[in-house]
2 protein chains.
Amino acid sequence: MSEPTGLRARKKERTRDAIGDAAVSLFLERGFDRVSVNDIAAAAEISKPTLFRYFPTKEDLVLHRFADHLGEAARVVRDRRSGVKPVTALHRHFRAGLDRYDPVTGLNDHPEVVAFHRLVFTTPSLAARLTQYQLEDEEALADALGEGIQARLRAAQVLAVQRVLARTNWQKIADGRTAHDVHPEAVADADQAFSQLR
Amino acid sequence: MSEPTGLRARKKERTRDAIGDAAVSLFLERGFDRVSVNDIAAAAEISKPTLFRYFPTKEDLVLHRFADHLGEAARVVRDRRSGVKPVTALHRHFRAGLDRYDPVTGLNDHPEVVAFHRLVFTTPSLAARLTQYQLEDEEALADALGEGIQARLRAAQVLAVQRVLARTNWQKIADGRTAHDVHPEAVADADQAFSQLR
DNA sequence: ATTACCGGGTTGCTTTTTTAACCGAGTAAC
DNA sequence: GTTACTCGGTTAAAAAAGCAACCCGGTAAT
């Protein structure tokens with residue numbers, strides 16, 4: 001239905017995954033700026049121009065995992081069933097993310113994921129680029145919420161909340177606790193934060 | 001020197017192998033004419049025109065393993081050290097093939113290899129195409145041996161000998177004996193056949 | 001100060017691959 | 001006796017990938 005998977009599309013997706021995986025694994029292994037794009041291209045067995053056809057910048061090689069969620073908040077708001085308030089829809093969506101330990105909620109203790117988050121937050125250029133993404137996400141959400149300064153403000157507040165919640169969760173896990181252990185607190189924090197948004 | 005391994009060349013080789021392997025494994029599984037080229041292309045995850053860019057006909061999908069040895073006899077003759085007679089060089093080469101159980105000598109009892117030979121010899125269009133290859137090989141060998149009818153005759157006789165030896169070995173193995181067990185007879189047969197060529 | 005290299009990106013140009021459509025022979029359905 | 005498959009094989013156009021060469025800013029060596 002929604003997957004008219006031709007040969008071309010399949011191979012492109014695989015190539016993209018191969019590049020992204022090779023990049024992340026090299027970055028985790030040696031650190032962001034100890035790996036050149038040439039190394040990544042070689043590891044993924046593609047040429048440098050091809051790499052940049054798939055990812056606009058070196059930073060995006062790390063952040064595509066966030067970028068793939070870009071516009072998600074806006075979509076959640078648009079696709080909510082009638083009668084459901086936007087904030088409620090977003091709250092439920094975030095909670096569902098917590099329940100399945102989605103990495104974007106920060107509530108995930110797989111070593112790779114933890115290391116990945118540390119990589120992002122401790123590499124200045126990555127953190128910088130990440131905020132760019134969040135701004136785009138914010139704009140999309142604002143559009144979904146309506147027009148004018150009101151929508152903008154609410155969008156900014158919602159995403160700020162999500163950001164704080166995710167970092168809080170991640171911090172607890174970085175301190176050595178398990179995701180399962182943190183889960184109840186994470187849910188409580190989310191409930192509190194989202195109800196204060198109303 | 002002979003391996004200017006760029007990305008392009010590496011991927012081409014892999015694609016060729018993927019097609020050949022997919023084809024042979026499907027043929028062994030279901031029989032030559034119960035497998036369409038579309039099936040093979042799908043299994044190898046390439047398109048039909050691409051398949052035919054790598055292999056000119058369906059038969060060649062099976063016979064490329066022989067085709068890869070095409071011109072080998074001629075090369076052996078050309079590359080022999082001075083003072084060595086052509087027939088002697090070919091004899092030694094064949095014997096070396098026996099010693100390492102090279103599939104082209106027929107002296108190999110790996111199930112795949114045996115099944116593969118049966119496939120070739122019991123499928124008329126494959127057997128037919130195989131003789132085409134052998135004719136080409138014969139011409140090349142004739143050129144390496146010199147000019148005129150004499151060279152042609154000797155080339156034909158040498159290749160006929162090799163063909164008979166290979167089929168004899170294969171037959172014994174098809175009857176259930178092991179390659180190791182057959183080896184001494186194979187060597188003896190080869191010695192006798194090649195000395196009669198002089 | 002110059003030179004030279006290395007890093008992130010880009011620009012043509014060529015080669016390879018996909019796609020969809022087609023040909024011609026065979027063959028089964030009706 | 002058409003019609004409509006299927007199968008081996010081909011064609012033309014467009015997408016994608018490779019390659020080499022380049023730009024630019026930084027940094028090390030001389």
Side-chain angles (χ1 to χ4, degrees), chain A residues 3-24 26-27 30-64 67 119 123-130 132, chain B residues 3-20 22-24 26-27 29-64 67 119 123-130 132:
Chain A
E3 303 188 30
T5 317
L7 219 40
R8 198 121 79 189
R10 258 201 334 269
K11 289 188 176 178
K12 276 185 84 163
E13 217 174 295
R14 257 185 245 165
T15 302
R16 195 185 153 85
D17 287 350
I19 300 173
D21 291 351
V24 169
L26 283 177
F27 287 151
R30 316 213 294 256
F32 185 69
D33 22 54
R34 292 191 145 72
V35 178
S36 77
V37 294
N38 281 309
D39 295 337
I40 298 166
E45 303 208 272
I46 47 120
S47 67
K48 195 165 59 152
T50 298
L51 187 154
F52 282 107
R53 239 175 251 127
Y54 280 87
F55 297 92
T57 71
K58 188 184 180 187
E59 282 76 28
D60 292 284
L61 286 165
V62 180
L63 299 177
H64 73 276
L119 174 71
T123 307
S125 62
L126 288 178
R129 191 97 169 92
L130 182 54
Q132 299 295 326
Chain B
E3 301 187 29
T5 318
L7 265 184
R8 208 123 75 184
R10 266 211 313 279
K11 291 189 176 178
K12 275 184 85 163
E13 219 174 295
R14 259 186 242 164
T15 301
R16 195 184 153 86
D17 287 351
I19 300 173
V24 170
L26 282 178
F27 286 151
E29 191 182 315
R30 316 213 294 256
F32 184 71
D33 23 53
R34 292 192 147 71
V35 178
S36 78
V37 294
N38 280 309
D39 295 337
I40 298 165
E45 303 208 272
I46 47 119
S47 67
K48 197 164 60 154
T50 300
L51 186 154
F52 283 106
R53 260 174 32 80
Y54 280 87
F55 297 92
T57 72
K58 188 184 179 185
E59 282 76 26
D60 292 284
L61 286 165
V62 180
L63 299 177
H64 72 276
L119 174 72
T123 307
S125 62
L126 288 178
R129 191 97 168 92
L130 183 54
Q132 299 295 326

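All values below were derived from every heavy atom in this structure, side-chain atoms included, with hydrogens, water molecules and symmetry-related copies excluded. The sequence lines fix the lettering, A, B, ..., with proteins before strands; numbering per chain opens at 1. Values in this document were obtained by computation on a predicted structure and should not be read as measured data.
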**Q** Check the distance between D:dA17's P and A:Glu13's CD and give it to me in whole angstrom.
**A** 13 Å
**Q** Atom pairs, N/O to N/O, protein against nucleotides 14-16 of chain D, distance under 3.5 Å?
**A**
| unit_1 | atom_1 | unit_2 | atom_2 | d |
| --- | --- | --- | --- | --- |
| D:dA16 | OP1 | A:Lys12 | NZ | 2.7 |

**Q** May I ask you to verify if any side-chain N or O of A:Thr50 is less than 4.0 angstrom from the OP1 or OP2 atom of D:dA17?
**A** no
**Q** Please report the distance, rounded to the nearest Å, between CD1 in A:Ile40 and P in C:dG9.
**A** 10 Å
**Q** Round to a whole Å and report the spacing from CG of B:Asp33 to P of D:dG9.
**A** 13 Å
**Q** Want to settle it: does A:Asn38 or B:Ser47 sit nearer the 5' end of DNA chain C, counting the closest nucleotide to each?
**A** A:Asn38
**Q** Between C:dT18, D:dC19, D:dA17, which nucleotide has the shortest distance from any of its atoms to the side chain of A:Thr15?
**A** D:dA17
**Q** With nearest nucleotides of DNA chain C determined for A:Pro56 and A:Leu7 from heavy-atom distances, which residue corresponds to the more 5′ nucleotide?
**A** A:Pro56
**Q** Nearest-nucleotide wise, let me know which of B:Pro49 and B:Val35 is further upstream toward the 5' end of DNA chain D.
**A** B:Val35
**Q** Does a side-chain heavy-atom distance below 4.5 Å link A:Ile46 with A:Ile40?
**A** no
**Q** Please state how far atom CZ in B:Arg16 lies from atom C1' in C:dT17, giving the value in whole angstrom units.
**A** 17 Å
**Q** Determine whether B:Phe52 and B:Val37 satisfy the following criterion, side chain to side chain contact (heavy atoms under 4.5 Å, CB included), listing intermediate values before the conclusion.
**A** CA-CA 9 Å; B:Phe52 283 106; B:Val37 294; 4.1 Å; yes
**Q** To the nearest Å, give me how far apart NZ (B:Lys11) and C1' (C:dT15) are.
**A** 13 Å
**Q** From CZ of B:Phe55 over to C1' of D:dT10, roughly how many Å is that when rounded to an integer?
**A** 18 Å
**Q** Check whether any side-chain N or O of A:Asp39 sits under 3.5 Å from a backbone N or O of A:Ser36 as a donor-acceptor pair, and report yes or no.
**A** yes
**Q** Would you say the side chain of A:Arg129 lies within less than 4.5 Å of the side chain of A:Gln132, judging by non-hydrogen atoms?
**A** yes
**Q** Just the rounded figure in Å: distance from C1' of D:dG9 to CZ of B:Arg129.
**A** 13 Å
**Q** Side chains of A:His64 and A:Tyr54: does their closest heavy-atom pair fall under 4.5 Å?
**A** no
**Q** Among A:Thr123, A:Leu119, A:Asp33, which residue meets the side-chain contact (heavy atoms from CB on, under 4.5 Å) test with A:Phe27?
**A** A:Leu119
**Q** Side chains of B:Arg34 and B:Glu29: does their closest heavy-atom pair fall under 4.5 Å?
**A** no
**Q** So does B:Arg14 pair up with A:Glu45, basic N to acidic O under 4.0 Å?
**A** yes
**Q** Got A:Leu130 and A:Leu126 here, is their nearest side-chain heavy-atom distance under 4.5 Å?
**A** no
**Q** Mind calculating the distance between CZ (B:Arg14) and P (C:dT17) to the nearest angstrom?
**A** 13 Å
**Q** Bend across the helix from C:dG8-D:dC23 to C:dC30-D:dG1, to 10°, with axes taken over 5 pairs at each end?
**A** 30°
**Q** Using a cut-off of strictly less than 4.0 Å, decide whether B:Lys48 has a side-chain nitrogen or oxygen near OP1 or OP2 of D:dG9.
**A** no
**Q** Just to be sure I understand the rule, does B:Ser36 reach a base, reach only the sugar-phosphate, or reach nothing, if contact means heavy atoms closer than 4.0 Å?
**A** sugar-phosphate
**Q** If only atom types and distance count, is the side chain of A:Lys58 paired as donor or acceptor with the main-chain N or O of A:Phe32 below 3.5 Å?
**A** yes
